[in-house]
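Have a look at the structure below, then the notes.
All values below were derived from every heavy atom in this structure, side-chain atoms included, with hydrogens, water molecules and symmetry-related copies excluded. Just so we're on the same page: letters track the sequence lines, and every chain starts at 1.
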There are 2 protein chains.
Amino acid sequence: LGIKIETIGFDADDTLWLNETLYLQAKQDLITLLSPYQEPELIESYLDKTELSNIRVYGYGIKSFTLSMIETALELSHGTAGADEIQQVISFARRMLSSDVQLLEGVQETLARLAIEYDLMMITKGDLFEQERKVERSGLAKYFKYIEYVGEKTPHRYQTLFVKYALDPAGFLMVGNSLRSDILPVISIGGRAVYIPYQHTWSHETDVGTELDGRKFYQIENISQLPDLLHDLSGRG
Amino acid sequence: LGIKIETIGFDADDTLWLNETLYLQAKQDLITLLSPYQEPELIESYLDKTELSNIRVYGYGIKSFTLSMIETALELSHGTAGADEIQQVISFARRMLSSDVQLLEGVQETLARLAIEYDLMMITKGDLFEQERKVERSGLAKYFKYIEYVGEKTPHRYQTLFVKYALDPAGFLMVGNSLRSDILPVISIGGRAVYIPYQHTWSHETDVGTELDGRKFYQIENISQLPDLLHDLSGRG
């Protein structure tokens, strides 16, 4: 109790707005498209495997995912997937890229309220072009003092932000839906973290083995509960 | 004369290291691959057109370019390009992504010299994942006080950097090979700029119409001439 938080970091995808559902929809469409060639389970597992291994080659984001879908189509059809199918995969990508940003419940009001009392920092991972576009479409930029785009959310990367803006880790609280990217790296360097699980979080982001054992972080169900949690932490009231 | 420069901004691709040649090589390989279907000139012009229009959909970078190559292959083969050809296009992309960073002549020595006297800022546009990887492989990060990744190099984007780091535009000098991205936006908001033309600069970056008429910027042939230019500008010696 009596913790003084000055800066609140927010993850964006699936913390402030819907993201993973776009990928799930495209994955479902790919399964339907390739159903003449393979069983759904095999298509899904091959795509998942390709996507994960391609992160190291292509990075995160829709374009990387699209190349993984194309590779999956070529491989699973044993080279018989034709131009028509590949063109359809590209149309899935274009639909994802042009989709509206759907804010999660309570986000707008909570940010508006917290921005009065705290410095807010958005820290989003992934493709710069895609993330900038979502920030713009979200209409949320006005609540944030800092907006940071990063390639990976490692402890070192957070540390760099603390140095850059002369932030005390003990006064920094990170909010997000990924144990791997939002919670673990921040508490490992002395910051605090609030985990808001999201039903469709990508397994890549939750699979952190035993690294979190014994580490302390907070968990809430909905972003709307954040002001009350902060109030409790500060020991006020 | 008597200009006091405090911070020097550097573009990265084709200013510090080779970049466009990777694209030209891949383009040449695509032309060879599609030669059974179309004339080289038509392949090239279709790819160029697709690439430009796709910037607005996908952004900059190798993954965006790869999707443009795939679309070109599908379109120009009238749907007869098969899995084998698409797989080859993907292999061009993987080669580009894994290629070594080749510094341009004089870069290392010039940065080492200037970093003693000035604050250096790298400002690079494009895909975050790809640019971060190049920065790391270049070994140049140690010379830069700031490294900034941006989606587009607009006057507004430079202005944001000036505000963020409390820089006086009059004390800022930008160095780059793109009239559109490095020169024009900086001088339009009161900064100074040094243009180093590069033989293979993408036409998208040089085609600025008459916007530069009557605007003042400096031009040198090689980055090694930069210290002398700065010396002259400062009125010393």
* Structure fact -> Cut-off 4.5 Å, heavy atoms of chain B, and the answer for D127(A) is side chain
* Identify the heavy atoms of I90(A) and Y58(B) that sit nearest to each other, and give their distance. => CG2-OH, 3.5 Å
* Asked: Side chain, backbone, both or neither: which part of T66(A) has a heavy atom under 4.5 Å from chain B?
  -> side chain
* Asked: Which pair of non-hydrogen atoms, one from G126(A) and one from L128(B), has the smallest distance, and what is that distance?
  -> O-CD2, 3.7 Å
* Contact part of L97(A) toward chain B, heavy-atom cut-off under 4.5 Å: side chain, backbone, both or neither? -> side chain
* Asked: Under 6.0 Å from the CD atom of Q25(B), do we count more than 12 heavy atoms belonging to anything else shown?
  -> yes
* State, to 0.1 Å, how close V57(B) and R133(A) come at their nearest heavy-atom pair, and which atoms those are. => O-NH1, 4.1 Å
* **Interatomic distance, Y165(A) atom OH to K164(B) atom NZ [nearest 0.5 angstrom]** => 3.5 Å
* Asked: How long is the span from the CD atom in E85(B) to the CD1 atom in I86(A), to the nearest 0.5 Å?
  -> 12.0 Å
* To do: Can you measure from CG (L67(A)) to CG (L67(B)) and round to the nearest 0.5 angstrom?
  => 5.0 Å
* Which atom pair, heavy atoms only, marks the closest approach of N54(B) to R94(A)? -> OD1-NH2, 2.6 Å
* **Side chain / backbone / both / neither for Q87(A) at chain B, heavy atoms under 4.5 Å** => both
* Asked: Can you tell me how far CD1 of I62(A) sits from NZ of K63(B), rounded to the nearest 0.5 angstrom?
  -> 12.0 Å
